[in-house]
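Because the structure is predicted, anything quoted here is derived from the model rather than measured.
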Amino acid sequence: MFVLRNVGKLIFGSSAQEALIELPQGQLYLVRPLSPKGYSELIFKDSAIRIRRTNQDFQYQLVVQRVFEEGEAELLAEEEGEDAEIDVLASEKDEKTFLLDEALHFRIEIRDDGENVLAWKDLSGDTGDIYQFVCDPSVSSTQVQQFLRIAQECQYERKYRKPHTTASQDDLQQFEFQEEEPIPPASPLHSPTLARSIDSVDDMLSKKTANSSARREPANIPEREIEVSELSAPSAENPPQALEIYAALPAELHLFDPQPGHFAMMDDAVITTVSEVGKWEYWLQIQGKDQAWVGTPVTADLNPVFDFEYLSFVFNHFSDDGARSWLLRFKDQPTLEKFQAAIMQAIWEKLNETKWAKIQEKEREYVLDSFGDLNMEDAPPTEDEEEVEEEEEIEEDDDDRAQEEEYDSDEDADSTLPRNADGEVNSQLAVGYKHDRSFVVRGSKIGVFKHTPNNRLEFSTNISKVTTPDGKLLNPKKVMLHSEDRDLILQNEIDPNKLYRMDLEYGKVVDEWNVHNDIPVVTFAPENKFAQMTSEQTFLGVSHNALYRIDPRLSGDKLVNSDLKQYASKNDFSALATTEKGYIAVASNKGDIRLFDRLGIRAKTQLPALGDPITGMDVSADGRWILGTTRNYILLVDAQQHSGKNEGKLGFEKPFAADSKPHPRRLALTPEHVAQFFHETGKPVSFTPAKFNTGEGAEETSIITATGPYIIEWNLKRILKGMKTPYKIKRYEEEVKADDFKFGSDNNVIVALPNEVNMVAKQSLRKPTRESIIGPLRLSDGGRKSSGRARTTGSGRYKLGRDDIVNSPY
């Protein structure tokens with residue numbers, strides 16, 4: 001028993017859009033006989049097709065709508081939130097709509113086996129791409145012929161704008177398109193031994209399978225479902241000579257196909273070998289009986305994911321022709337544990353250039369723990385009321401969800417003046433705590449945006465040509481709001497030993513501070529997490545090997561020598577953050593993190609290095625949670641001690657006892673999502689500094705970051721519950737340059753694109769499906785974006801003209 005998800009009626013209304021005819025059951029395919037993207041893609045496994053009248057005379061739509069098993073629609077609505085049924089993306093996901101025009105070349109074919117197929121051109125796709133609706137055997141040929149007849153009558157009415165009752169049989173024959181090539185066959189459905197859907201990564205884990213140690217035959221994958229030219233393995237015929245073999249173990253090999261969105265078995269018996277092949281060089285070789293499938297250097301870019309419930313290891317392999325996700329499945333847990341130890345040893349030695357055996361057992365456990373689940377002793381209970389995403393309600397309509405502002409552009413000369421005609425793009429974002437303002441750096445200009453009560457952004461002013469007090473042009477490489485959001489601390493990219501203070505009331509730089517002649521400023525942070533809401537004058541800074549306080553009130557150098565902690569060796573510090581009490585977390589390009597309760601002393605705790613450079617830091621207000629951002633994952637560490645003599649204390653306050661180790665967790669995109677992102681953008685993952693939502697007295701519930709054109713939000717409670725994909729995404733047309741939560745809320749995110757600033761409701765983020773990864777821009781109107789530009793300053797999408805910038809107060 002199948003039911004239609006009642007989305008179309010909610011979006012379009014139903015009074016004037018009744019169906020003229022319907023075929024109740026079939027499968028919708030997109031077939032690409034000439035495309036390198038792959039031959040065939042199954043869009044809807046179960047669907048219905050109909051012809052629908054529109055609100056305009058002589059205009060009709062061809063509609064294919066997904067059908068659901070009884071009760072499935074309600075379950076999906078609960079899972080996606082109450083707003084999903086009125087969301088445009090939900091419509092795209094469950095329904096395909098086409099204007100019934102002769103350009104579609106709509107036609108039918110009855111094949112030798114009695115199968116009825118309806119086909120029409122994909123006008124927004126590549127040459128030769130066609131949609132096919134393969135009718136269920138329960139649909140008779142008479143019904144299909146009647147459907148074709150009505151389709152021809154609708155095309156006649158659209159072309160001649162008069163009723164079809166005036167048409168003769170000859171008039172309708174022009175819509176038969178007999179000159180078209182035969183309809184190519186769509187790939188039949190198949191069920192690989194191992195299937196993992198990109199629409200629901202948790203599906204693979206929720207299905208309990210029998211003991212996998214039994215040998216299984218490879219899935220019968222139709223030749224055209226995965227073309228060799230599209231998904232063939234990279235050459236691995238000449239691996240380097242192994243100096244030492246870390247592991248050589250049997251496994252099954254599966255390959256992720258991004259079109260249907262699952263792993264398909266390629267070989268049921270391979271030997272996977274991890275070996276050392278040179279000085280700090282390591283190799284992963286996957287060898288079948290008849291061919292070498294994969295040969296690749298072992299690096300952090302593999303994005304390794306170990307799944308002990310499913311006895312599998314998933315990794316990415318990047319080559320000149322794209323990224324692929326591979327899955328190795330092992331016969332039992334001891335075999336997987338041996339492989340995990342080998343691959344992690346190789347990655348760690350590569351990053352740290354130190355032998356694994358030389359580090360302490362406690363450090364090795366910390367590294368291995370970072371690849372496991374973060375199972376907290378005091379994790380919140382699993383209760384329905386704590387399912388955060390399902391509880392959230394939309395408070396704003398679509399016009400309030402994503403309010404964008406563009407500045408530094410010419411409204412009247414878009415065709416001749418590019419949006420970045422000055423060669424500059426937005427680069428940094430500073431969100432106000434004390435006052436509802438956001439500041440966006442663009443070269444030597446700073447745009448100021450006001451947060452309105454209904455969660456919109458309103459352009460306030462543009463501070464053009466930021467200069468030093470002596471008149472030299474200043475391009476800030478880092479900014480920080482300070483002193484009740486009245487000042488903006490700036491660092492010039494060409495002088496690391498100096499900082500500048502901009503008075504935001506005047507819109508100009510009024511002070512130049514020399515921090516120290518011999519100690520540069522790598523980065524800086526507030527004295528405590530909410531210091532910018534107070535009149536606190538001091539703040540913290542780090543060089544590559546020193547941590548110190550900066551006091552602008554001092555004469556001469558502003559570095560406070562009594563609060564300087566300098567190391568003899570180069571620790572290569574790269575980022576720091578502070579808690580509400582002023583505890584300090586400092587990270588390095590080596591990947592280690594030091595925790596201090598105050599300046600001038602040794603760190604209370606040093607978290608071992610995973611080896612990846614940490615580019616950004618954040619800490620929860622109470623110091624419980626630490627975030628360290630690397631290029632392709634985010635490290636989440638629980639700094640609270642849960643056993644031993646210091647139980648209940650933070651790592652900032654007391655060192656971790658020998659029997660109480662910190663709990664790290666790598667937050668990373670699943671390998672198949674990484675491959676899909678790469679397929680869409682042509683670039684690997686590179687996260688912007690991750691941040692918690694923050695506010696005085698507010699609990700941290702979410703983490704925001706971005707990579708390429710995607711913003712990504714992790715839900716902390718979902719992470720603690722061990723959910724396998726605890727994040728949601730939103731795709732933009734351009735690369736996200738900076739992002740942060742609005743102060744005091746986890747419902748609104750401020751996003752800086754190269755030429756726009758955007759406040760978006762968190763509810764508009766979606767689970768990472770094929771549709772949300774591709775994004776609405778490519779799912780509609782052939783990938784072209786309609787500007788929808790309004791011409792009034794009251795509009796949330798008002799685009800500022802040149803006069804708004806040139807004639808602004810500053």
Side-chain angles (χ1 to χ4, degrees), residues 424-433 437-448 463-483 485-504 506-527 531-532 536-554 556-560 563-564 572-578 584 586-589 599 613-618 629 688-689 691 737-738 740 752:
E424 302 289 354
V425 295
N426 298 334
S427 60
Q428 296 169 70
L429 170 68
V431 177
Y433 286 11
R437 297 287 189 277
S438 286
F439 300 83
V440 179
V441 176
R442 180 189 182 89
S444 61
K445 296 181 282 291
I446 297 176
V448 185
I463 305 173
S464 60
K465 292 185 178 180
V466 177
T467 61
T468 64
D470 57 3
K472 295 179 181 177
L473 202 62
L474 194 156
N475 290 319
K477 77 168 188 177
K478 179 176 173 57
V479 296
M480 182 184 75
L481 286 164
H482 187 59
S483 188
D485 288 353
R486 294 194 303 262
D487 297 334
L488 191 67
I489 308 301
L490 313 170
Q491 185 176 27
N492 195 347
E493 59 184 357
I494 64 173
D495 194 343
N497 296 80
K498 293 181 179 179
L499 297 175
Y500 300 87
R501 179 176 75 91
M502 171 179 282
D503 188 322
L504 292 173
Y506 292 95
K508 62 184 296 186
V509 174
V510 294
D511 285 322
E512 178 181 308
W513 300 328
N514 190 68
V515 176
H516 196 282
N517 290 331
D518 301 318
I519 301 177
V521 180
V522 170
T523 188
F524 48 96
E527 185 77 25
Q532 76 180 69
E536 175 64 55
Q537 293 297 304
T538 62
F539 55 99
L540 308 181
V542 292
S543 68
H544 289 299
N545 67 333
L547 170 65
Y548 47 83
R549 177 172 282 115
I550 299 169
D551 189 346
R553 298 166 297 187
L554 296 176
D557 291 348
K558 307 302 180 183
L559 188 148
V560 181
D563 292 327
L564 170 65
D572 208 5
F573 292 142
S574 58
L576 81 160
T578 54
I584 308 160
V586 182
S588 77
N589 284 320
L599 285 178
I614 294 178
T615 58
M617 285 290 297
D618 198 11
T629 306
T688 60
K691 299 181 179 68
K737 294 295 186 180
D740 201 352

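In this structure, T578 contributes its side chain and P526 its backbone to a donor-acceptor pair below 3.5 Å. Under a 3.5 Å cut-off, the side chain of T615 and the backbone N or O of T629 do form a donor-acceptor pair. A donor-acceptor pair under 3.5 Å is absent between the side-chain atoms of Q491 and the main chain of K477, judged by distance alone. Looking only at distances, no side-chain donor or acceptor of K737 sits under 3.5 Å from a matching main-chain atom of A752. No side-chain donor-acceptor contact under 3.5 Å links D557 to the backbone of L559. With hydrogens and angles disregarded, no donor-acceptor distance shorter than 3.5 Å links the side chain of S483 to the backbone of R486. Although no hydrogens or angles enter the test, the distance criterion places no donor-acceptor pair under 3.5 Å between the side chain of D551 and the main chain of K558.
Between I519 and L564 the shortest heavy-atom distance is CD1-CD2, 4.2 Å. Across every non-hydrogen atom of M480 and F524, the tightest pair is CB-CE1, 3.6 Å. When all heavy atoms of E536 and H482 are compared, the pair lying nearest together is O-CE1, 3.2 Å. Across all their heavy atoms, V448 and I463 have their closest contact at CG2-CD1, 4.1 Å. Nearest heavy atom pair, residue P552 against residue I550, reads CD-O, 3.7 Å. Contact record, I614 with A575: O-CB, 4.4 Å, taken as the closest heavy-atom pair.
E527 and T538 are linked by a side-chain donor-acceptor pair at a separation below 3.5 angstrom, with hydrogens and angles left out of the test. Between the side chains of D485 and Q532, at least one donor N or O sits under 3.5 Å from an acceptor N or O.
Considering only heavy atoms from C-beta on, K472 stays 4.5 Å or farther from T467 through its side chain. Within the 4.5 Å cutoff, the side chain of L599 has heavy atoms near those of the L547 side chain. Residues P476 and Y500 have side chains not in contact (no heavy-atom distance under 4.5 Å, counting atoms from C-beta outward). When side chains are defined from C-beta on, M617 does not count as touching L576, because their heavy atoms never get closer than 4.5 Å. Two residues are said to be in side-chain contact when any heavy atoms from C-beta on lie closer than 4.5 Å; T468 and V509 fail this criterion. For the pair H544/F573, no side-chain contact is recorded, criterion being any heavy-atom separation below 4.5 Å from C-beta on. Using a 4.5 Å cut-off on side-chain heavy atoms (C-beta onward), S444 and N475 make contact.
Residues satisfying the side-chain contact (heavy atoms from CB on, under 4.5 Å) test with N589, not counting sequence neighbours, are D572, S574, P613.
Just one residue in the list L490, D487, L488 forms a side chain to side chain contact (heavy atoms under 4.5 Å, CB included) with R501, and that residue is D487.
To the nearest 0.5 Å, the span separating CG on L504 from CD1 on I446 amounts to 7.5 Å. Atom-to-atom distance recorded for S543:OG and N497:CG is 10.0 Å, nearest 0.5 angstrom. Atom CG of L540 and atom CG of D563 lie 9.0 Å apart (nearest 0.5 Å). The structure places NZ of K498 at 9.0 Å from CG of N517, a figure rounded to the nearest 0.5 Å. Atoms CD and CG, from E512 and D495 in turn, are 7.5 Å apart once rounded to the nearest 0.5 Å.
Using cut-offs of 30° and 60° for the angle between ring planes, the F539 and W513 rings count as tilted.
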